[in-house]
Amino acid sequence: QVQLVESGGGLVQPGDSLRLSCVASGRTLSSVAVAWFRQAPGNEREFVGHINRIVDTTSYAESVKGRFTISIDNAKKTVNLQMNSLKPEDTAVYYCAADFIGPTRTSPTAWRRWGQGTQVTVSS
């Protein structure tokens with residue numbers, strides 16, 4: 001397994017933008033897909049979106065659709081989550097996940113590898 005490390009979190013105001021990165025340390029990502037999840041205190045881990053590296057498709061939770069964009073670099077070592085028009089409801093620890101094992105991409109249990117998370121706080 002490669003080590004996944006998230007970065008780019010911080011404190012921003014509503015309407016601001018933030019870009020998170022998920023870096024696969026030491027080697028190229030081998031997972032067919034990479035997902036982003038988030039978890040606020042007291043809440044379950046929530047699906048944000050994912051990217052399929054083979055067919056270069058993405059999907060997003062309805063709550064972030066149109067505001068968040070997932071991309072991957074040419075070396076396939078970094079997966080980015082561009083977050084625009086941030087809302088206070090986006091406040092959470094954001095995690096990247098890899099190695100999809102099923103049954104459904106929106107479930108945290110469907111992903112085998114996880115980063116440690118990066119805190120995103122949206123507050124005025």
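Excluded from the calculations below are hydrogen atoms, water molecules and symmetry mates; all remaining heavy atoms, backbone and side chain alike, are included.
- Taking all atoms of both residues into account, the shortest heavy-atom contact from A40 to A92 is N-CB, 3.8 Å.
- The shortest heavy-atom contact between P103 and A110 is N-CB, 4.2 Å.
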Please lay out, stage by stage, how N80 and Q82 fare under the test side-chain hydrogen bond (donor to acceptor under 3.5 Å, both in side chains).
CA-CA 6 Å; N80 298 314; Q82 178 66 44; over 6 Å; no

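- Checking each of Y60, W36, Y95 against V48 for a side-chain contact (heavy atoms from CB on, under 4.5 Å) leaves exactly one that passes, namely W36.
- The structure places CD of E6 at 4.0 Å from SG of C96, a figure rounded to the nearest 0.5 Å.
- For the pair E46 and S63, the minimum side-chain heavy-atom distance is below 4.5 Å.
- Residue-environment remark: CD (Q119) exceeds the threshold of 12 foreign heavy atoms within 6.0 Å.
- Using a distance-only test at 3.5 Å, with no hydrogens or angles considered, a donor-acceptor pair links the side chain of R67 to the main chain of S85.
- Transitive grouping of hydrophobic side chains (ILVMFWY, heavy atoms separated by less than 4.5 Å) brings V93 and W114 into a common cluster.
- From R45, atom CZ reaches atom CH2 of W111 across 13.5 Å, with rounding to the nearest 0.5 Å.
- Of the inter-residue distances, the one linking T118 atom OG1 with L81 atom CG reads 10.5 Å to the nearest 0.5 angstrom.
- Here the side chains of F100 and H50 are not in contact, with every heavy-atom distance at 4.5 Å or above.
- With rounding to the nearest 0.5 Å, the separation of CD1 in I72 from CG in D56 is 8.5 Å.
- Placement of V120 and F37 in two distinct hydrophobic clusters is found when ILVMFWY residues are connected by side-chain heavy-atom separations under 4.5 Å, directly or transitively.
- The cluster map of Ile, Leu, Val, Met, Phe, Trp and Tyr, joined by side-chain heavy atoms under 4.5 Å apart, puts L20 and I70 in the same cluster.
- Distance check: T121 OG1 to D90 CG gives 11.0 Å after rounding to the nearest 0.5 Å.
- The only option from V12, L18, D16 that meets the side-chain contact (heavy atoms from CB on, under 4.5 Å) definition with V122 turns out to be V12.
- For the atom pair NZ (K77) and SG (C22), the distance works out to 12.5 Å, reported to the nearest 0.5 Å.
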